[in-house]
Asker: 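Can you read through this structure? Questions will come right after.
Note: hydrogens, waters and symmetry copies are ignored here, and every other heavy atom, side chains too, is used. Below, chains carry the letters A, B, ... as their sequence lines are ordered, and counting in each starts from 1.
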2 protein chains.
Amino acid sequence: MPLKLHWTSDVTPEKHGAEVVVAGWVWELRDLGRVKFLVVRDREGFVQVTLKAGKTPEHLLKMFGELNREDVVLVRGVVEASKIAKSGVEIFPSEITVLNKAKPLPLDIWSESPDLATRLRWRSVDLKRPRNLAIFSFASDVLKAIRGVLYEEKFVEVFTPKIIVTSTEGGAELFPVLYFERVAYLSQSPQLYKEQLTASLERVFEIGPAYRAEKHNTDFHLNEFISVDAEAAFMNYWDIMGLLEKIVHRLAEVAASAAERLRAVGISPLELPRSKIPRVEYGEAVDKLRQMGYSVSWGDDLTVEMQKSLMKLYGPVYFIVDFPAALRPFYTKRKEGELSESYDLIINGLEIASGATRIHRRDELEEEMRRRGLDPRLFESHLSVFDYGMPPHAGFGLGFNRLVTALLNLDNVRHATLYPRDRYRVEP
Amino acid sequence: MPLKLHWTSDVTPEKHGAEVVVAGWVWELRDLGRVKFLVVRDREGFVQVTLKAGKTPEHLLKMFGELNREDVVLVRGVVEASKIAKSGVEIFPSEITVLNKAKPLPLDIWSESPDLATRLRWRSVDLKRPRNLAIFSFASDVLKAIRGVLYEEKFVEVFTPKIIVTSTEGGAELFPVLYFERVAYLSQSPQLYKEQLTASLERVFEIGPAYRAEKHNTDFHLNEFISVDAEAAFMNYWDIMGLLEKIVHRLAEVAASAAERLRAVGISPLELPRSKIPRVEYGEAVDKLRQMGYSVSWGDDLTVEMQKSLMKLYGPVYFIVDFPAALRPFYTKRKEGELSESYDLIINGLEIASGATRIHRRDELEEEMRRRGLDPRLFESHLSVFDYGMPPHAGFGLGFNRLVTALLNLDNVRHATLYPRDRYRVEP
């Protein structure tokens with residue numbers, strides 16, 4: 001039986017009179033003389049432990065004076081509903097055990113929010129901050145919801161190698177790995193593997209790390225991030241947008257359940273739509289932006305600022321569809337003319353997911369490679385699979401850290417990443 | 001609406017008279033003149049499409065002659081229950097569309113099983129083999145079940161970096177990565193991160209890649225594998241064994257549901273216990289092995305052969321507990337004397353998971369490092385976290401590819417890995 005039997009959130013007024021055993025960290029100590037308060041924090045919240053002369057065992061009153069913030073404590077006691085205690089409940093302890101002592105912390109987790117660099121320097125300590133506990137509990141719920149939808153739609157979960165020999169898309173910046181006697185690279189995306197897998201497992205998804213050796217250092221880029229990738233045989237980009245729409249609707253539920261806890265730590269989650277998500281043609285988006293005064297031409301990439309502006313017209317979540325083929329990778333299927341069967345999912349102004357119907361014929365694929373200056377011979381291993389019964393297929397890649405950032409209205413993707421890796425940060 | 005509306009497994013005798021749209025790959029073609037059979041394969045199974053002169057549109061009878069094995073086809077037709085067809089059902093087509101042509105395959109997926117090297121060389125084609133479809137569908141179900149138990153026990157899912165600056169355990173062989181201007185390494189385990197996270201998120205799990213640059217080339221080792229890691233504050237190794245036991249019991253259900261499909265492709269899944277799993281003390285295991293005639297001494301590692309032999313006494317799934325501390329990594333908590341609060345979970349003779357109560361006091365941790373010749377100063381970033389309220393904690397690391405290998409009685413971990421990475425294999 002674990003040491004800890006109850007979470008702080010289990011200690012509710014309905015438990016009045018019951019014995020509980022909670023464990024966590026000393027959040028606050030208030031000594032009013034004959035009454036002393038100890039607030040214990042755990043992942044799920046706080047609980048007040050009340051020590052009273054005459055009621056509480058003498059040795060606990062004495063021990064109180066030796067407690068420090070962040071000491072690890074186990075508290076056994078009886079629950080009493082209370083009109084005074086913050087959460088309407090308090091514990092009168094029969095036993096308090098100090099499981100580990102804490103030195104004064106190197107940064108303030110109680111009131112001030114130090115600058116991000118200091119927080120990331122002491123990340124494991126910084127994560128004790130209730131705001132961070134709420135963010136990463138929410139992130140886990142988001143993942144669970146995404147997998148839930150994918151399982152319902154008969155996707156199977158796969159793992160593809162992160163050590164590869166060639167660039168997925170050609171020309172991208174990759175991190176070299178010394179793999180025994182040869183040089184290999186860290187994968188930037190499971191794109192080619194997941195496409196190949198549609199010829200066998202048909203509907204696959206993978207959630208795992210992806211690497212970009214780009215030298216950018218912005219608020220919304222990381223060099224190692226978590227990519228949610230899905231790919232399905234016998235579907236096109238409209239089908240995949242339908243799938244993403246289901247995911248967004250499910251996330252609306254997750255965000256609603258978490259809203260109270262998030263607001264308590266100063267986070268206002270984005271209000272997600274539960275109805276049809278607009279599909280905006282790229283051409284229309286460019287026209288609207290020009291009407292708004294942006295100097296943007298057909299064929300240009302849209303910036304975060306532009307995408308934020310489009311929220312006024314389409315709301316916080318929308319798809320942009322039918323991008324110019326030239327803006328998309330070689331494996332994107334063309335529509336008529338210069339368009340492609342592609343889309344981006346924009347949430348809160350950020351590009352969260354991106355996808356397309358893919359090319360499933362080898363000759364078309366080779367042609368698109370050549371158009372982009374890529375040599376098909378370098379992709380022979382991938383291309384050869386297209387000779388043996390490649391189905392029509394479509395999919396998406398979704399940046400998980402960015403998704404959480406967008407859903408929680410955070411201003412930097414590092415807030416949604418436990419231990420971020422960027423241009424200048426490879427520790428802790 | 002996706003092109004494909006039904007899986008082959010949806011086409012059952014109960015659908016007699018209904019129209020279906022299946023899609024998949026040409027598995028078999030039999031032309032008996034006035035009757036022609038086309039067997040279509042998809043991820044879920046097979047369905048027979050019957051073409052009959054007089055009943056089937058003329059152009060489809062003609063098209064039949066042009067079909068090749070592994071062509072990608074979409075079949076619309078009416079279901080008829082049948083006493084002759086293998087699965088008791090057949091489709092009479094009104095429409096067959098060839099979505100993509102296939103050249104003759106570079107390896108036989110129908111009858112022969114080519115050698116493993118050839119199969120891995122053409123892995124994406126080899127995966128079309130029904131046996132592989134069953135293995136990897138099962139693997140996905142296993143993952144889902146493991147996560148299900150962890151969610152129930154209030155674990156949150158996390159992602160920790162795979163690019164790190166130092167060895168987790170000291171002395172291990174790591175793959176170097178060129179990370180911009182510096183050398184970093186691929187993580188061999190999220191061990192230190194997950195321990196640190198127990199001080200904030202309390203119960204965490206991570207499922208992701210792990211890397212060992214060891215030069216072994218055996219049937220049960222890979223240089224990149226999927227590690228399932230969990231760690232919990234306020235638990236000890238007995239609690240964690242209880243958690244693993246719950247997982248094994250859940251997997252017994254998964255294996256039972258998949259048994260029919262697996263047997264159909266020649267796989268006999270291991271019979272998993274649904275009752276208490278034996279906890280065998282290391283010392284007892286050594287004694288029993290000596291009685292069996294093995295020359296093994298207290299303090300030795302046990303081999304796969306020995307672990308297989310112990311199945312005769314303890315069944316297919318058992319724990320070995322209380323290993324000599326010297327056999328375990330520095331972060332393992334000592335029990336009395338030379339023992340440690342550690343265990344291995346052995347399934348089908350293979351070490352599948354390993355874990356322990358961890359040390360949660362900095363001074364003990366430093367002492368164990370020095371005992372192993374490790375310099376605590378090199379671990380300062382990790383050790384410092386122990387100054388700020390580290391809770392007692394325990395956890396496990398589980399090799400996912402090996403788990404599937406053991407559960408399915410496979411003779412090589414590569415059979416349970418989509419695209420294995422080993423000493424000599426970094427493609428495809």
Asker: Is chain A contacted by the side chain of A139(B), its backbone, both, or neither, given a heavy-atom distance below 4.5 Å?
Answerer: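 For A139(B), there is no contact with chain A at all, as no heavy atom is under 4.5 Å.
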Asker: Can a cation-pi geometry be assigned to K128(B) and Y388(A), taking NZ or CZ under 6.0 Å from the six-membered ring centre and within 45° of the ring axis?
Answerer: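 No, K128(B) does not sit over the ring of Y388(A).
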Asker: Give, as side chain, backbone, both or neither, the part of P209(B) having an atom under 4.5 angstrom from any heavy atom of chain A.
Answerer: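 Looking at P209(B), just its side chain touches chain A.
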Asker: Would you check if there is a donor-acceptor pair between the side chains of Q196(B) and S124(A) at a distance under 3.5 Å?
Answerer: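 A pair is found: one side chain offers a donor N or O, the other an acceptor, under 3.5 Å apart.
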Asker: Taking S140(A) for its side chain and E157(B) for its backbone only, find out whether a donor-acceptor pair lies under 3.5 Å.
Answerer: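 Pair found, side chain donor or acceptor close to backbone of E157(B).
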Asker: Measure distances from T417(B) to the heavy atoms of chain A and classify the residue's part below 4.5 Å as side chain, backbone, both or neither.
Answerer: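 Neither; nothing under 4.5 Å.
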Asker: Picking from F175(B), F180(B), Y419(B), which has the most non-hydrogen pairs under 4.5 angstrom with chain A?
Answerer: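 When all of F175(B), F180(B), Y419(B) are compared, F180(B) has the most.
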Asker: So, W7(A) versus F234(B), ring centres under 6.0 angstrom or not?
Answerer: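 Judged by ring-centre distance (under 6.0 Å), W7(A) and F234(B) do not meet the cut-off.
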Asker: Are more than 12 heavy atoms, taken from residues, nucleotides or ligands other than K103(A), located less than 6.0 Å from that residue's NZ atom?
Answerer: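 At most 12 heavy atoms, drawn from other residues, nucleotides or ligands, come within 6.0 Å of this atom.
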Asker: Within the distance-only criterion (no hydrogens, no angle test), does the side chain of N100(A) pair as donor or acceptor with the backbone N or O of P392(B) below 3.5 angstrom?
Answerer: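 Answer holds: no.
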Asker: Please check: side-chain N/O of H382(A) versus main-chain N/O of P428(B), any donor-acceptor pairing under 3.5 Å?
Answerer: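 No; judged by distance alone, with no hydrogens or angles, the pair does not exist.
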Asker: For each of R41(B), R147(B), K162(B), tally heavy-atom pairs with chain A at distances under 4.5 Å, and name the one with the top tally.
Answerer: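 Most heavy-atom pairs within the cutoff with chain A belong to R147(B).
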Asker: Please name the pair of heavy atoms, one in F159(A) and one in L418(B), separated by the smallest distance, quoted to 0.1 Å.
Answerer: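 Reported closest heavy-atom pair: O-CD1, 3.6 Å.
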Asker: Give, as side chain, backbone, both or neither, the part of K101(A) having an atom under 4.5 angstrom from any heavy atom of chain B.
Answerer: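 Looking at K101(A), just its backbone touches chain B.
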Asker: Counting only N and O atoms by type, is there a donor-acceptor contact under 3.5 Å from the side chain of E70(B) to the main-chain atoms of G389(A)?
Answerer: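 Pair absent, no side-chain N/O of E70(B) close to backbone of G389(A).
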Asker: Which bit of D387(B) is near chain A, if near means a heavy-atom gap under 4.5 Å: side chain, backbone, both or neither?
Answerer: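 Both backbone and side chain.
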Asker: Could you tell me whether the side chain of R43(B) and the main chain of S200(A) form a donor-acceptor pair under 3.5 Å?
Answerer: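 Not confirmed, R43(B) side chain does not pair with S200(A) backbone.
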Asker: Measuring heavy-atom distances to chain A, does Y424(B) have an atom under 4.5 Å in its side chain, in its backbone, in both, or in neither?
Answerer: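 Contact with chain A is absent: no heavy atom of Y424(B) under 4.5 Å.
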